[in-house]
**Student:** 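What follows is a single structure, and I will ask about it in a moment.
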Amino acid sequence: MATLTLLQAVNDGLRTEMRRDDRVVCLGEDIGINGGVFRATEGLQKEFGAERVIDTPLAESGIIGTAIGMALYGLKPVPEIQFMDFIYPAFDQIVSELAKFRYRSGGQFPSPVVIRTPYGGGIKGGHYHSQSAEAYFCHTPGIQVVIPSTPHDAKGLLASAIRGEDPVLFMEPKRIYRSIKGEVPEGEYTVPIGKAAIARPGTQVTIVAWGSMTHIALEAAEKAQEEKGVSCEVLDLRSLVPLDKAALLESVKKTGRVVIVCEAPRTGGYAGELSAIIAEEAIDSMEAPIVRVTGFDTPFPYTLEHAYMPNTGRILKAIDTVVNF
Amino acid sequence: MATLTLLQAVNDGLRTEMRRDDRVVCLGEDIGINGGVFRATEGLQKEFGAERVIDTPLAESGIIGTAIGMALYGLKPVPEIQFMDFIYPAFDQIVSELAKFRYRSGGQFPSPVVIRTPYGGGIKGGHYHSQSAEAYFCHTPGIQVVIPSTPHDAKGLLASAIRGEDPVLFMEPKRIYRSIKGEVPEGEYTVPIGKAAIARPGTQVTIVAWGSMTHIALEAAEKAQEEKGVSCEVLDLRSLVPLDKAALLESVKKTGRVVIVCEAPRTGGYAGELSAIIAEEAIDSMEAPIVRVTGFDTPFPYTLEHAYMPNTGRILKAIDTVVNF
Amino acid sequence: MTTEVLQVIRSDGSVQKKLEPTLSEEMLRKLYRTMVQVRALDEKGMLLQRTGKIGFYVPSGGQEASQVGAVAALDAGDWLFPTYRDPGMALWRGASFREMLAHEFGCAEDRSKGRQMPNHYAFREMKYVSISSPIATQIPQAVGAAMAAKYRKTKEIVLTSMGDGGTSEGDFHCGMNFAGVYKAPIVFYCQNNQWAISVPLSGQTASESISVKAKAYGFPGVTVDGNDVLAVYSAVRQAADRARAGGGPSFVEALTYRMGPHSSSDDPKRYRPAAEEEEWRQKDPIDRFRNYLKKQGIWTEAWEKETWDGVRADLNEATKQVEALGPPTISSMFDDVWSSIPPVLQEQKDSLIEYLKKGELKDLGGAFPL
Amino acid sequence: MTTEVLQVIRSDGSVQKKLEPTLSEEMLRKLYRTMVQVRALDEKGMLLQRTGKIGFYVPSGGQEASQVGAVAALDAGDWLFPTYRDPGMALWRGASFREMLAHEFGCAEDRSKGRQMPNHYAFREMKYVSISSPIATQIPQAVGAAMAAKYRKTKEIVLTSMGDGGTSEGDFHCGMNFAGVYKAPIVFYCQNNQWAISVPLSGQTASESISVKAKAYGFPGVTVDGNDVLAVYSAVRQAADRARAGGGPSFVEALTYRMGPHSSSDDPKRYRPAAEEEEWRQKDPIDRFRNYLKKQGIWTEAWEKETWDGVRADLNEATKQVEALGPPTISSMFDDVWSSIPPVLQEQKDSLIEYLKKGELKDLGGAFPL
Ligand SMILES: Cc1ncc(C[n+]2csc(CCOP(=O)(O)OP(=O)(O)O)c2C)c(N)n1
Ligand SMILES: Cc1ncc(C[n+]2csc(CCOP(=O)(O)OP(=O)(O)O)c2C)c(N)n1
Ligand SMILES: [Mg+2]
Ligand SMILES: [Mg+2]
C-alpha cells in the first residue's frame with residue numbers, strides 16, 4: 001500500500017480502470033498533455049494515447065453530449081468538468097439526457113457516463129471556482145451523486161462508478177486534493193456506492209457530512225471531545241444518491257442529536273433533505289431539533305470565503321446547541 | 001372586475017405593464033404572431049410591435065442571455081421559456097449570470113429579468129412537458145421564485161415582478177391555465193412578492209402548497225372536512241423565494257400538524273427545505289411528524305402521470321397520518 | 001449569393017442523368033412504399049388524436065422523401081440520432097406499425113413503456129436512438145457515437161437529423177465543432193422545412209443557407225431538394241461514403257416543407273399564408289417520385305392501389321391490435337431509473353402500491369394494473 | 001484556403017498607407033501609453049501574486065495592442081462586454097491603477113466588494129460590464145444590450161470580446177445568431193491568442209479561420225494582425241461605423257499571442273514549445289508600435305523613459321495605497337444578493353454576526369471587521 005494524496009488516488013483510479021477495460025475513455029478540457037489543471041489525469045494521455053484521453057474544445061455541453069453518445073455506443077466515458085462551477089452549460093445534457101436516457105427508452109438505451117469534477121470552496125477561488133452544486137443533481141432522478149473524502153474511497157468509489165451501469169456525478173473535493181493523504185491499495189479494488197462510512201464513532205451527537213466537510217466535522221468532533229467531553233459520531237455519506245438511509249437513521253436513533261454540515265447555500269441544499277428525512281422518520285428518537293451548518297444564501301464570495309464556509313467554530317456551536325437543548 | 005382564466009390574467013398583466021412602462025419588452029419562441037403556444041402573449045405583438053414582443057430563434061440560452069443584456073442596459077425584459085422543461089439550456093445564464101450579476105459587481109450591474117415559464121404536470125405532457133423544476137432555482141441565491149395559483153395573484157404578482165429590481169423566475173401552472181377562473185381587477189395593481197396567502201383557513205392541519213397543487217390541496221381539505229370533520233388550513237406560498245417563513249411558522253404553530261404538497265420528485269424538492277425549517281424552528285409545536293406528499297424519484301412518466309402526481313387521495317391519506325399519529 | 005440546390009428528379013419526373021443514383025427496382029419500390037407508409041401513418045395518427053384515442057401527434061407529411069431518402073443511403077449498421085419527425089427512418093429499417101402505434105398509445109407493449117409522448121420512438125436493435133423532446137441535444141451525442149465508432153475502428157457511421165430551428169441551439173454548435181476537430185464519421189442532416197413552429201427561417205438565422213454553416217467548422221455542406229428522394233439519397237450517400245472512408249463529417253441540408261401543423265396542438269393558420277402551403281403542395285414528394293417511377297416504367301395504377309391498400313390494411317389491423325393492449329403497470333413507473341432500484345425508491349414504490357391496494361385505486365381511474 | 005490578414009504597420013514600423021487611420025498625435029501617444037500601462041500592470045500583478053500579496057493573476061502580456069486598439073476605436077458611450085484579459089479596455093477609459101489594484105486585492109474599496117477573483121473588473125460608469133469567469137456568457141448578453149440600444153434608437157453600439165476558446169461555447173453561437181437575425185449594432189471581437197490554456201487552436205476548431213464563422217450568421221468577418229494596434233483600430237472602427245450606421249453586426253478576429261502563462265496557476269512549459277513563444281516575442285506589439293512612432297517622428301528616448309517612469313511611479317504609489325486598505329466587512333457579504341435583504345437572509349446575517357461577536361472571531365483570523 002502506498003500513501004497517496006486524494007488527487008493521486010483519483011489518478012491511480014483512472015489509470016487502473018483504463019488498464020482493466022479498454023472501453024474506458026477520458027475527455028475534457030486540458031486533460032491531455034497538461035494532465036488537467038489539477039493534474040488528475042497526469043500521464044494518462046502518454047500511456048493511453050490521444051484517442052482515449054481526449055482534449056476537447058471549450059464546451060461543456062459538447063463534452064457531456066459526446067460522452068453520452070460514446071456511452072450509448074458501448075464505451076465507458078469519464079468526462080472531466082474542469083471546475084464544477086462550469087458544469088452549467090452542460091446542465092441540459094445532464095438533466096434532460098444523461099439522467100433520463102435509460103428511463104425514457106424503456107431501458108433500451110442506458111448511458112453510463114461518469115462525470116468527474118472538482119468542487120467546493122476553501123482554495124480562495126472566489127465566486128466561480130468554489131461552488132458545491134450537489135443539490136441540483138440530487139434532485140435529478142437517474143444520476144448518482146458520489147463524493148469521496150479520503151484517498152482510499154476516492155479510488156474505490158471511482159472504480160465502482162466506472163464499472164457500474166448508471167450515470168454518476170463524481171465530485172472531488174479540491175480543497176483536500178493535496179492536503180489529505182492516506183493508504184491506498186495498489187491495483188484493483190472497489191468501494192460500493194450507496195454505503196455511508198462512520199468516519200468517527202461516537203454516542204451523543206451525529207454529525208453528517210461529505211467531501212471536504214467531513215474533515216472539518218472530524219476536527220470539530222475532536223475538539224468537542226477534548227474541550228467539552230461530548231462524543232460525536234461523524235457520518236461520511238460518501239454517496240448522496242443513492243442515500244444510505246439505513247446508516248443515517250441508525251446513527252441518529254443512537255444519538256438523538258444531529259448536526260448536518262453542508263458548504264452549499266442553505267436554502268434547498270441537500271442538508272435540508274436529510275433534515276426532512278430524519279424529522280419524518282426518526283422524530284421519536286430526537287432529543288433536540290436538528291441543526292444545519294451551511295453556507296449562506298449568497299453567491300460565493302472571494303475575500304470573505306472563510307466567513308462564508310462552515311468551520312469548526314460554527315460546528316462546535318451547533319454541537320452545543322443540540323447538546324444543551 | 002372581469003372574470004378571467006389564469007392564462008388571461010397573465011396576458012392582461014403583461015399588457016398592463018407594457019402600457020405602463022415602455023422599458024418592458026417580451027421575448028421568446030413563438031410569442032409574436034402566434035401569441036405563444038399557450039396564447040399567454042396573444043395580441044401583444046399587434047399592440048406593441050415586433051421590437052417589443054420579439055420572436056426569437058430557438059435557443060434558450062440566447063433568450064436569457066439577451067434578456068440579461070437588455071436588463072443591464074436599462075430595459076425590463078420578460079422572456080418566456082416555452083415549457084419549463086426547456087429552461088436547462090439557459091441554466092448557465094440563469095444560475096451563473098442572472099442570479100449573480102448584482103452581487104459579483106458589488107451592486108453596479110443589477111439585471112432585473114422576469115422569466116415566465118409554464119410548468120408542471122397534469123396535462124398529459126409526458127416526460128418533457130410536465131416538469132416542476134422550482135427546487136433548482138430556490139437553491140440559487142439571487143433569483144426570486146414566484147408561483148401564482150389564482151388569476152388575481154397571477155396578474156398582481158407578475159406586476160410586482162416586473163416593477164421590482166430583482167431577477168424573478170415566474171412559474172405559471174399550465175395545468176390550471178384555463179380551468180381556474182377568478183375575478184381580476186382591470187388596470188394596474190400589485191400583489192407583493194414574499195407573502196403567502198391562506199387559501200383556506202383551518203385549525204387542525206396545515207397543508208402547504210403552491211401553484212396547481214394549491215387546488216388539489218383545497219379539494220383534499222374540503223373532503224377532509226366533509227368526510228372526516230378535520231379542519232385543514234391551506235397555505236399557498238405564492239413565492240418560494242423569498243419565503244414567508246413567518247406565515248408558515250404561524251400556521252404550523254397553530255395546527256401542530258403539517259402536510260406539504262410538491263409535485264416535483266421527492267428527493268431534494270422544496271418540500272424538504274420547508275420540512276427542515278419547520279422541524280428546526282417549530283419542533284415544540286409539532287403534534288406529529290411532517291408528511292410530504294410529492295412526486296416520485298423518477299423522471300416524469302406519460303401514460304402513468306395520474307399515478308405519479310400528488311392527488312387528493314394521497315393528500316387525504318397524509319392528513320389521516322398526521323391526525324392519527 | 002444564392003445557394004446551389006441539388007436536384008435529381010425535376011418536377012415532371014424527368015431526371016438529371018448525371019446525378020441519378022443507380023438503384024435496383026426493388027430499392028425504388030421500397031423507397032416509394034416507405035414514403036406511403038409514412039403518409040398513411042400520419043393520417044392515422046392525426047385521426048387517432050382528433051378522436052381522442054391518443055393524446056398527441058406530430059405529423060411529418062411533406063417530408064416523406066427527406067426522411068426516407070436519407071436513411072436509405074446508409075448501411076443497416078449505421079447509427080441514427082433522429083428527431084420526432086423521422087418515423088420514416090424507423091419504418092425503413094423495419095419497425096412495424098404495431099410497434100409504432102404501441103408507442104403512440106403509450107401502452108405496456110411500447111418499447112419505451114409509455115414514458116414519452118407519441119412520436120418519441122426508440123429502437124435499440126435498429127440503432128434508432130431514443131428521441132428527445134429538447135431540441136438539438138442529439139447532435140453532440142451523435143458525434144460521441146461517431147467518435148466511439150472511430151475509436152473502435154469499425155466501419156459504422158452516424159447520421160443525426162435536425163430541423164432548421166434546431167440549428168440555433170448551442171448543442172448544434174458544440175456537436176458540429178467537435179465533429180470537425182475529431183474528423184468524426186458523421187453526417188449532419190437538416191430537414192429545413194422552413195418553419196420552427198411559427199418562426200420562419202428568416203427569423204431563425206440570417207445566414208444565406210443552413211448548409212453554409214458547415215464552413216464555420218471546417219467541413220463541407222450541401223443543400224438538396226428535400227422533396228426529391230433521389231437527390232436526398234445521393235447527397236447523403238456521398239456524405240456517408242466520405243465519412244466511412246475516413247474523410248470526416250459533412251453537412252446536408254434538405255429543403256422541404258411541413259405540410260401539416262407543427263403538432264396536433266398547433267394551428268398553422270395563425271402564422272403562415274395558405275398560399276405558401278399551396279405552393280409546396282405542388283411539390284409533393286410522393287407525386288414527384290411517382291412521376292419518376294412512371295418514367296422508369298416501374299409504376300402502374302394497380303401497383304399504386306396495391307401499395308396503398310396493403311399499407312392501410314396493415315395499419316388498420318395494427319390499430320385494432322394496439323387498441324386492445326393495456327397500459328403499463330403502475331409498478332413499472334419505478335423501473336429503469338437505474339439499472340437496479342435503490343432502497344429509497346423501493347420504499348416509494350412499496351408505499352404507492354400499498355396505498356393503491358388499500359382500495360384507493362379509484363383515484364387513479366381504476367383501469368390501471370398495479 | 002488561407003485567410004487574408006489585415007496589417008497596417010509592418011514589422012519594421014513602415015506602413016501600408018492605404019489602410020493607415022488618421023489619428024492625432026495625442027491619440028497615438030495615448031495608445032502607446034495605455035499599452036505600456038497594461039504591460040506594467042501585468043508585471044506588477046504577477047509580482048504581487050508571486051509574493052503572496054494577491055491570490056491570483058491573469059496576465060495579458062502580448063495582447064496589449066489587441067485590447068487597446070479595439071477599445072480606442074469606439075466612442076466613449078459604447079458598451080463593453082470584455083473578458084478577464086482586457087484590463088487595457090478599462091485603462092483606456094480612465095480606470096486608475098488604484099481601482100484596478102483594489103480589485104486584485106479584493107479589498108473594501110474594490111468596486112466589486114471583493115467578491116470575485118482578480119481580473120474580473122466592473123466599471124458601471126464606463127459601461128465596462130462586470131466580467132464573468134464562465135467563458136462566453138457575455139456574448140449573448142452583449143447582443144441583448146445592442147438590441148436594447150437599437151430599440152431605444154440611440155447611437156450607442158456594443159463591443160464584446162472573447163478568446164479563441166470562447167468561440168466553442170454554445171453561447172457564442174446563440175449570441176452570433178441572434179445578432180444576425182436582429183441586425184444588432186454590435187462588434188464581436190475575438191482575440192485569437194492561439195491557445196485556450198493548453199489547447200491549441202487546431203484542437204479548438206477545424207475552421208479555416210475564426211472570422212469565417214461569421215458566414216454562418218450572415219454578416220461579415222475579418223482577420224487582422226492583433227499585434228498591430230493600428231490594424232486593430234481600423235478594423236474595429238470600420239465594424240463600429242457599420243453597426244452605428246444600422247448595418248448590423250460584424251466579426252473581427254485579431255491574431256495575437258498570450259506571451260505569459262494562462263494565469264498565475266498555469267505553467268505553459270508543460271504544453272507549448274519555447275520556440276513558438278520566441279517567435280511571437282519578435283512580434284511584440286509595443287515594439288512594433290514604437291517603430292511606427294519613431295518613423296512618424298513622435299517617439300523619443302526621453303519620452304519613452306518618461307512614459308515608463310510615470311506609469312511605474314503611478315503603479316507603485318497605487319500599490320502602496322491599496323496595500324493599506326482593509327478587507328470588506330463581513331456584513332457586506334450579505335449585501336447585493338437582492339436589491340434589499342429578505343428576512344431569511346437577514347436572519348442568517350444576524351446569526352453570523354452574533355456568533356462572531358461572541359468572541360469567535362478567532363475562527364476567522366480576527367482581522368476582518370464585522
Ligand atoms: C430546447 C427546446 N426548446 C423549445 C422546444 C419547443 N419546440 C418543440 S419543436 C420546436 C420547433 C422545432 O423546429 P425545427 O427544429 O425547425 O423542427 P421542425 O419541428 O420544424 O421539424 C420548438 C420550439 C423544445 N422542444 N426544446
Ligand atoms: C464555461 C467555462 N469552462 C471552462 C473554464 C476554464 N477556463 C478558464 S479560461 C479557459 C481557456 C479560455 O481560452 P480562450 O477563450 O482562448 O481565452 P484566453 O484565456 O486564451 O484569453 C478555460 C478552459 C471557464 N472559465 N468557463
Ligand atoms: Mg423546421
Ligand atoms: Mg485563447
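Predicted, not measured: the structure shown is a model, and the values here were computed from it.
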**Student:** Among residues 186-206 of chain D, which ones touch chain C with a heavy-atom distance under 4.5 Å?
**Tutor:**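 Checking residues 186-206 of chain D against chain C gives D/S202, D/G203, D/Q204, D/T205, D/A206.
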
**Student:** Check whether any side-chain heavy atom of C/Q238 lies under 4.5 Å from a side-chain heavy atom of C/R242, and answer yes or no.
**Tutor:**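 In short, these two side chains do not touch, never coming nearer than 4.5 Å.
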
**Student:** Could you pull out the closest heavy-atom pair between C/Y128 and C/D86, with the gap in Å?
**Tutor:**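 For C/Y128 versus C/D86, the nearest heavy atoms are OH-O, 2.9 Å.
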
**Student:** Identify the heavy atoms of C/H262 and C/R85 that sit nearest to each other, and give their distance.
**Tutor:**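 C/H262 and C/R85 have their closest heavy atoms at ND1-NH2, 3.0 Å.
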
**Student:** Answer with side chain, backbone, both or neither: which region of D/F172 has an atom nearer than 4.5 Å to a non-hydrogen atom of chain C?
**Tutor:**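 Contact with chain C is through the side chain of D/F172 alone.
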
**Student:** Do D/S60 and D/Q67 pair up side chain to side chain, a donor and an acceptor below 3.5 Å, judged on atom types alone?
**Tutor:**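 Yes - a donor-acceptor pair under 3.5 Å links their side chains.
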
**Student:** Can you say whether D/T167 sits under 4.5 Å from chain C via the side chain, the backbone, both, or neither, judging by heavy atoms?
**Tutor:**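 Just its backbone gets close to chain C.
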
**Student:** Does one side chain, of C/Y182 or C/N177, offer a donor that lies under 3.5 Å from an acceptor on the other?
**Tutor:**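 Per modelled atom types, C/Y182 and C/N177 side chains form no pair under 3.5 Å.
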
**Student:** Heavy atoms only: give me the nearest C/S133-C/H120 pair and the separation to one decimal.
**Tutor:**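 Minimum heavy-atom separation between C/S133 and C/H120: OG-NE2, 2.8 Å.
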
**Student:** Any non-hydrogen side-chain atom of C/K150 less than 4.5 Å from a side-chain atom of C/K183?
**Tutor:**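 The answer is yes; the side chains approach within 4.5 Å.
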
**Student:** Heavy-atom pairs under 4.5 Å with chain D: which of C/A216, C/S209, C/G170 has the most?
**Tutor:**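 If we count pairs closer than 4.5 Å to chain D, C/A216 comes out on top.
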
